[in-house]
Amino acid sequence: MAEGGSVTQSGGSGKKRGCKRKCNCTKECCYSQVVIIGNGPSGICLSYILSGNWPYFTGEPHPDPYLQIKLKDDVSILEQDLDYLSGGLEGRSRNPVALLFDTLHQPNADLGDDEKSRLEWRHHNDRVMQHVVLGKGQPGGSWREMDGSVLTLSLGKWMELPGVTFQEWIQEYREQNAINNNNTKAEESSQTRATLGEVAKYYAEYVSTTDILSNFIARTEVTSVRRLKGKRVINNESGEPEIPCQGCCKFEGDNLFEVKGRHYNGMCGCSQEFTVLTPNVVMATGMLGNPNRLNVEGESQSYVCTSLKDLDNAVQQEDVHSKSDPILVIGAGLNAADAVLCALKQGIPVIHVFRRRADDRDVIYAKLPKSVYPEYNQMISMMKESSSHDGLYTSYAEHRVVEFKSDRKVVLSGPNDERLELPVSLALVMIGNLPDLSFLPNQGRNLGASKGRPISGRDNPIDVNPFTMESLAEPGLFALGPLVGDNFVRYAQGGCMALAQHFAMKNGWVQEMKVHENGEEEEEEEVSQ
């Protein structure tokens, strides 16, 4: 297959849907040591490490002298005690190994230092763990679905994955494509920040450059993950084993997960159901699955949308333009700002509604340095002025939507409950997202720190052991990235390192370390497979 690995067609239920020509899209594998759901940065990084690429300390002096003392030369970081190494580190992540990876890969990044990485990556043919990465689209995850012209929030180098330097890649990419940085958005920061399109291209090329593409299966939708607890998968109708594979008989009685889904063939348009058995399921789906809703009357109206792509489509179809009624943007986050700025750039009038005060210091724009984020800093001034851009932009601070009417009029409620009715051409509800965990029982609500509540990277992340990334509620189920609160690529990679060490211990490649009070480490017995 062009997109890499393969999964198995379910016996008797894998009918080709809508296939109008002969094709060979039957899958071959029905067992995998690890199944990774999500092919964004977290899934890509984990695949790279599981493919036998291990991190080592370069030995060069580190800005943190205390960490320097603890690190061992010529011994992989995966073979050292991550709890011990991460002790005392501080940063913008709740996960200690995320802080450890970040300070090794990009020392003093938050201080603005341009230190080179203190990690090098070495390949070990005998430490490759078989796995498969399932994603709805091509490798890169949701980055491929975003507006390619928008600049990243993080500095470009913070989007980097192991083994391929982002700064070198983007310089070569821009030279090859004759991209003049002076013509990109936010000219002052074009050298330090990349567009979402450039980052998506980097991730797409990364899987080929690092020779891990064969682990990825694109156009795959996972519909169910459940624990079998030693039982064979039985077809409800026929009573026969649903996976007619003799090779899987050896796993009978093992504590396995059953991963079911559907694979879509881009060549012929057909689709097939599949089932994979695995002892380890890694969720790396990100947070862009289900947009948050206002839960107000009329929110299902056709002109109410939730993404920048919806705005782009409306512009292309000329449903919104400089002479149309204003578009309504709801929210005070980065996506809302991108929608406002995108519309204004094209001369489209904008009504901006948000619940906070315009001078609220907790608004994300107020926390970003002006020199690096000039376009977001501009939002603060616009919100305070109420009206700007020659009347194209109008803001309503401390307001909320109470109704979307069928005649494309929106009812707002102000700070004193006064009502206001405004005509709009399009409404964009940009108030964040929740992950799509519909493939889990009860959408994974039993996995969060607050049981029974929806999973949210900010308010209710999946509760995991930070040194293994394994769910505390469901052994064998792991989570990475935004699902555990690591919304930045630079931090999500630390979770991959912790999980890779856990698997290495289970395979007997790494010995557990016990740290004594004097700071010295003592090797314990190897962990058996």
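The residues of the chain are indexed from 1 along the displayed sequence.
Using a 4.5 Å heavy-atom threshold, the side chains of Asn507 and Gln33 count as touching. A 4.5 Å side-chain heavy-atom check between Lys506 and Asn280 finds at least one atom pair inside the cut-off. Counting heavy atoms from C-beta on, the side chains of Leu437 and Ile455 come closer than 4.5 Å. Using a 4.5 Å heavy-atom threshold, the side chains of Val34 and Phe503 count as touching. In this structure, Met283 and Phe439 have side chains that are in contact, with non-hydrogen atoms separated by less than 4.5 Å. Side-chain contact between Val199 and Phe166: present, with at least one pair of heavy atoms (C-beta onward) separated by less than 4.5 Å. Taking the side chain as every heavy atom from C-beta outward, Gln501 and Ile77 never approach each other to under 4.5 Å. Under the 4.5 Å side-chain criterion, counting only non-hydrogen atoms from C-beta, Leu277 is in contact with Leu228.
Under a cut-off of 6.0 angstrom, the local environment of CG in Asp211 is sparse, with at most 12 non-hydrogen atoms contributed by other residues, nucleotides or ligands. Summarising the local packing, CZ of Arg445 is surrounded by more than 12 heavy atoms from other residues, nucleotides or ligands at distances under 6.0 Å.
Listed for the Asn95 side chain is no donor-acceptor partner under 3.5 Å among the backbone atoms of Val97. Under the 3.5 Å distance criterion, the side-chain polar atoms of Arg226 are left unmatched by any main-chain donor or acceptor of Pro441. Within the 3.5 Å criterion, the main-chain N or O of Gly331 finds a donor-acceptor partner in the side chain of His352. Between the His124 side chain and the Asp126 main chain, no donor and acceptor come within less than 3.5 Å of each other. At distances below 3.5 Å, not a single donor-acceptor pair connects side-chain atoms of Asp463 with backbone N or O atoms of Leu447.
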**Prompt:** Can you list the steps and then say if Leu499 with Val282 is a side-chain contact (heavy atoms from CB on, under 4.5 Å)?
**Reply:** CA-CA 9 Å; Leu499 178 48; Val282 181; 3.7 Å; yes
**Message:** One pair to check against salt bridge (Lys or Arg N to Asp or Glu O under 4.0 Å): Arg227 and Glu258. What are the steps and the verdict?
**Reply:** CA-CA 6 Å; Arg227 187 181 292 281; Glu258 171 205 63; over 6 Å; no
**Prompt:** Asp360 and Tyr365: side-chain hydrogen bond (donor to acceptor under 3.5 Å, both in side chains), yes or no, with the steps?
**Reply:** CA-CA 10 Å; Asp360 191 327; Tyr365 321 132; over 6 Å; no
**Asked** Would Ile49 and Met129 count as a side-chain contact (heavy atoms from CB on, under 4.5 Å) if you check the C-alpha gap in whole Å, the side-chain angles of each, and the deciding distance to 0.1 Å?
**Response** CA-CA 9 Å; Ile49 303 176; Met129 189 169 184; over 6 Å; no
**Message:** One pair to check against side-chain contact (heavy atoms from CB on, under 4.5 Å): Gln130 and Ser32. What are the steps and the verdict?
**Reply:** CA-CA 7 Å; Gln130 186 268 329; Ser32 180; 3.1 Å; yes
**Request:** Show your working on side-chain contact (heavy atoms from CB on, under 4.5 Å) between Ile36 and Asn215 and close with a plain yes or no.
**Result:** CA-CA 10 Å; Ile36 302 171; Asn215 302 321; over 6 Å; no
**Request:** Check the pair Lys136 / Glu221 against salt bridge (Lys or Arg N to Asp or Glu O under 4.0 Å), numbers first and verdict last.
**Result:** CA-CA 6 Å; Lys136 292 182 178 179; Glu221 179 184 9; 5.4 Å; no
**Prompt:** Under the salt bridge (Lys or Arg N to Asp or Glu O under 4.0 Å) criterion, do Lys116 and Glu60 qualify, and how do the steps go?
**Reply:** CA-CA 10 Å; Lys116 61 182 178 181; Glu60 298 179 69; 2.9 Å; yes
**Request:** Could you please spell out the steps behind the side-chain hydrogen bond (donor to acceptor under 3.5 Å, both in side chains) verdict for Glu172 and Gln176?
**Result:** CA-CA 6 Å; Glu172 181 179 348; Gln176 289 177 351; 3.1 Å; yes
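Expressed to the nearest 0.5 Å, how far CG of Leu46 lies from CE of Met497 amounts to 12.5 Å. From Ser93, atom OG reaches atom CZ of Arg490 across 9.5 Å, with rounding to the nearest 0.5 Å. Distance CG/Asn433 to CE/Met430: 8.5 Å, rounded to 0.5 Å. Leu434 CG to Asp459 CG: the interatomic distance, rounded to the nearest 0.5 Å, is 9.0 Å. Expressed to the nearest 0.5 Å, how far CG of Leu85 lies from NZ of Lys72 amounts to 9.0 Å. Of the inter-residue distances, the one linking Gln493 atom CD with Cys45 atom SG reads 4.5 Å to the nearest 0.5 angstrom.
Here the closest heavy-atom approach between residue Ser395 and residue Phe354 is recorded as CB-CE2, 3.9 Å. Between Gly91 and Leu99, the shortest heavy-atom distance links the atoms CA-CD2, 3.5 Å. Of all heavy-atom pairs between Leu308 and Ala339, the closest is CD2-CA, 3.4 Å. Contact between Pro482 and Asn487 at its shortest, heavy atoms only, is CB-OD1, 3.4 Å. The two residues Gly476 and Glu470 make their nearest non-hydrogen contact at N-OE2, 2.6 Å. The two atoms that bring Leu213 and Pro139 nearest to each other are CD1-CG, 4.4 Å, heavy atoms only.
With Ser86 as the fixed residue, the side-chain contact (heavy atoms from CB on, under 4.5 Å) test singles out one of Leu67, Leu100, Asp81: Leu100.
Judged by the 6.0 Å and 45° rule, Lys201 forms no cation-pi pair with Tyr173.
Classification of the His502-Phe478 ring pair by plane angle, with boundaries at 30° and 60°, yields tilted. Aromatic ring orientation, Tyr202 versus Trp169: perpendicular (interplanar angle above 60°, classes split at 30° and 60°).
Checked against salt bridge (Lys or Arg N to Asp or Glu O under 4.0 Å), Arg122 has the following partners two or more places apart in sequence or in another chain: Asp74, Glu120. Evaluation of the side-chain contact (heavy atoms from CB on, under 4.5 Å) rule for Ile431 yields Asn292, Leu294, Ile330, Val429 as partners, not counting sequence neighbours. When the ring pair (Phe, Tyr, Trp, His ring centres under 6.0 Å) test is applied to Tyr48, the partners found at least two apart in sequence or on another chain are Trp121, Tyr206.
In summary, the side chains of Glu160 and His105 do present a donor paired with an acceptor at a separation below 3.5 Å, with no hydrogens or angles considered.
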